[in-house]
Amino acid sequence: MIRPIAILVGLGFSFVVLLAFVTGAYTWATEEAQHTAEHEFHLAPHSPEGGFAHDGPLGTWDVAQLQRGYQVYKEVCAACHSLKYVAFRDLAGLGYDEGQIKAEAASYQVPGIDPNTGEATFRPGLPTDYFPSPYPNAVAAAAANNNAVPPDLSLMTKARHHGPEYVYSLLTGFGPIPAELKQEFPDFTTPTGLHFNRYFPNLNLAMAPPLTADGQVTYAEGNPEPTIRQMAADVAAFLTWTAEPKLVERRQTGWPVLGFLIFATILAFLAKKQVWSSVTPGRKDD
């Protein structure tokens, strides 16, 4: 009795899944595209010219670019955005030595406890500390940013589709509302306190343009000219590293593993041929 009931339940479940799939496919195929400003003028993110050094299965970190990106974060982005999942000691992955890391950590004030009174206080950072938030709490962050809490950037490039390209495009996508958009959608406006950006899903973004002029950050001699696009590419690469610092190492490990699996597959095939070589398919006599 139990087996027929289980079969019926399984058939019913399969029917519901198939019905949901067919209904969804039909809706997707027949639904008309939304004729809204957000749908018509939102642009997909794109890479900087030449792409990123870490792109592709053979990509590697451009350490100089990561250091420039950290500089852009520190001098521009850190005023509003935190890196709460990144410790100062992690900067060793960018080529900084122990002394430089200690100096970087000490340049930040992190929350601490007064050992004499037990009261909350601030102290210079240590290499084991994590990058502090620029705001004491979310309420203060929202009050300083038009009621929008700036997101933490530690994992931003993994939290967004095509994350590095998204960060780069967003930073370079600010500008006035295009004339063709106003012509097609006369009622579209950018409310007070928001900023037009064609790479943001609803086109209006609470964040003001953080990179406003070429040379806003002064790079060391021998580095590329700090144009807005160059600074955007550098900080996008840096945030890719903060989100997945072992990205390149993982890829480099993957190639030997893939080679071993191919070798093991060939070895297993040859072993099978050897083991069954003496077995000849017979013919059943009448």
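No hydrogens, no waters, no symmetry mates; every other heavy atom, side chains included, goes into these values. Predicted model only: the values in this text are computed from it and were never measured.
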Review point. Rounded to the nearest 0.5 Å, how far does OG1 of Thr218 lie from CG of Asn223?
Key: 11.5 Å
Review point. Under a 4.0 Å N-O cut-off, is there an ion pair linking Arg250 with Glu244?
Key: yes
Check your understanding: Do the side chain of Thr189 and the main chain of Pro191 share a donor and acceptor less than 3.5 angstrom apart?
Key -> no
Check your understanding: Given Thr190, which of Leu205, Asn204, Leu203 fulfils the side chain to side chain contact (heavy atoms under 4.5 Å, CB included) condition?
Key -> Asn204
Check your understanding: Are Leu247 and Trp241 connected in the hydrophobic side-chain network, where two residues link if heavy atoms are under 4.5 Å apart?
Key -> yes
Exercise for review: For the pair Ser82 (side chain) and Ala78 (backbone), establish whether a donor and an acceptor sit closer than 3.5 Å, ignoring hydrogens and angles.
Suggested key: no
Point to revise | Inter-residue atom distance Ile266.CD1 - Leu261.CG, 0.5 Å rounding | key: 11.5 Å
Review point. With under 30° as parallel and over 60° as perpendicular, where do the rings of Tyr70 and Tyr96 fit, or are they tilted in between?
Key: perpendicular
Check your understanding: Counting N and O atoms only, with roles assigned by atom type, does the side chain of Ser169 sit under 3.5 Å from a partner on the main chain of Pro45, one being a donor and the other an acceptor?
Key -> no
Practice item. Mind running ring pair (Phe, Tyr, Trp, His ring centres under 6.0 Å) on Phe88 and Tyr130 for me, showing each step along the way? Key: CA-CA 6 Å; Phe88 293 108; Tyr130 288 78; 8.6 Å; no
Exercise for review: Would you check if the side chain of Arg68 reaches a backbone N or O of Val235 as a donor-acceptor pair within less than 3.5 Å?
Suggested key: no
Exercise for review: Measure the CD-CD1 distance between Gln230 and Ile228 for me, rounded to the nearest 0.5 Å.
Suggested key: 12.0 Å
**Study point:** Pairwise distance CD(Gln274) to CG(Leu270) - rounded to 0.5 angstrom
**Key:** 9.0 Å
Exercise for review: Give a yes or no on whether a salt bridge exists between Glu104 and Lys74, defined as a side-chain N under 4.0 angstrom from a carboxylate O.
Suggested key: yes
Check your understanding: Would you call the rings of His46 and Tyr168 parallel, tilted or perpendicular if under 30° counts as parallel and over 60° as perpendicular?
Key -> perpendicular
Review point. Do the ring centers of Tyr166 and Tyr199 come within less than 6.0 Å of each other?
Key: no
Review point. Under 3.5 Å, side chain of Gln100 to main-chain N/O of Asp97, donor-acceptor pair present?
Key: yes
Practice item. For atom CD of Glu180, decide whether the heavy atoms of other residues, nucleotides or ligands shown that lie under 6.0 angstrom number more than 12. Key: yes
Exercise for review: Could you label the plane-to-plane angle of the Phe188 and Phe196 rings as parallel, tilted or perpendicular, counting under 30° as parallel and over 60° as perpendicular?
Suggested key: perpendicular
Exercise for review: Starting from the C-alpha separation in whole Å, work towards a yes-or-no answer on side chain to side chain donor-acceptor pair (under 3.5 Å) for Gln71 and Gln67.
Suggested key: CA-CA 6 Å; Gln71 183 181 354; Gln67 292 183 355; over 6 Å; no
Review point. Rounded to the nearest 0.5 Å, how far apart are CG of Leu83 and CE of Met156?
Key: 10.5 Å
**Study point:** Residue Lys182 excluded, over 12 heavy atoms near NZ under 6.0 Å
**Key:** yes
Review point. Is a donor on one side and an acceptor on the other found under 3.5 Å between the side chain of Tyr73 and the backbone of Leu239?
Key: no
Review point. Got a donor-acceptor contact below 3.5 angstrom from the Arg123 side chain to the Gln109 backbone?
Key: no
Review point. At their closest point, which heavy atom of Pro150 faces which heavy atom of Cys80, and how far apart are they?
Key: CB-O, 3.3 Å
Practice item. To the nearest 0.5 angstrom, please state how far the CG atom of Leu18 sits from the CZ atom of Phe13. Key: 11.5 Å
Check your understanding: If we ignore angles and hydrogens, is there a donor and acceptor under 3.5 Å between the side chains of Asp234 and Tyr219?
Key -> yes
Review point. Can any side-chain N or O of Asn146 pair as donor or acceptor with the backbone N or O of Ala148 at less than 3.5 Å?
Key: no
Exercise for review: For the pair His81 (side chain) and Pro151 (backbone), establish whether a donor and an acceptor sit closer than 3.5 Å, ignoring hydrogens and angles.
Suggested key: yes
Practice item. For Gln216 and Pro210, indicate whether the former's side chain and the latter's backbone hold a donor-acceptor pair under 3.5 Å. Key: yes
Review point. Thr121 and Asp114: side-chain donor and acceptor closer than 3.5 Å?
Key: no
Practice item. State whether a side-chain donor-acceptor pair under 3.5 Å links Thr227 with Asp214. Key: no
Check your understanding: When hydrophobic residues are tied together by side-chain contacts of less than 4.5 Å, even through go-betweens, does Tyr108 share a cluster with Tyr135?
Key -> no
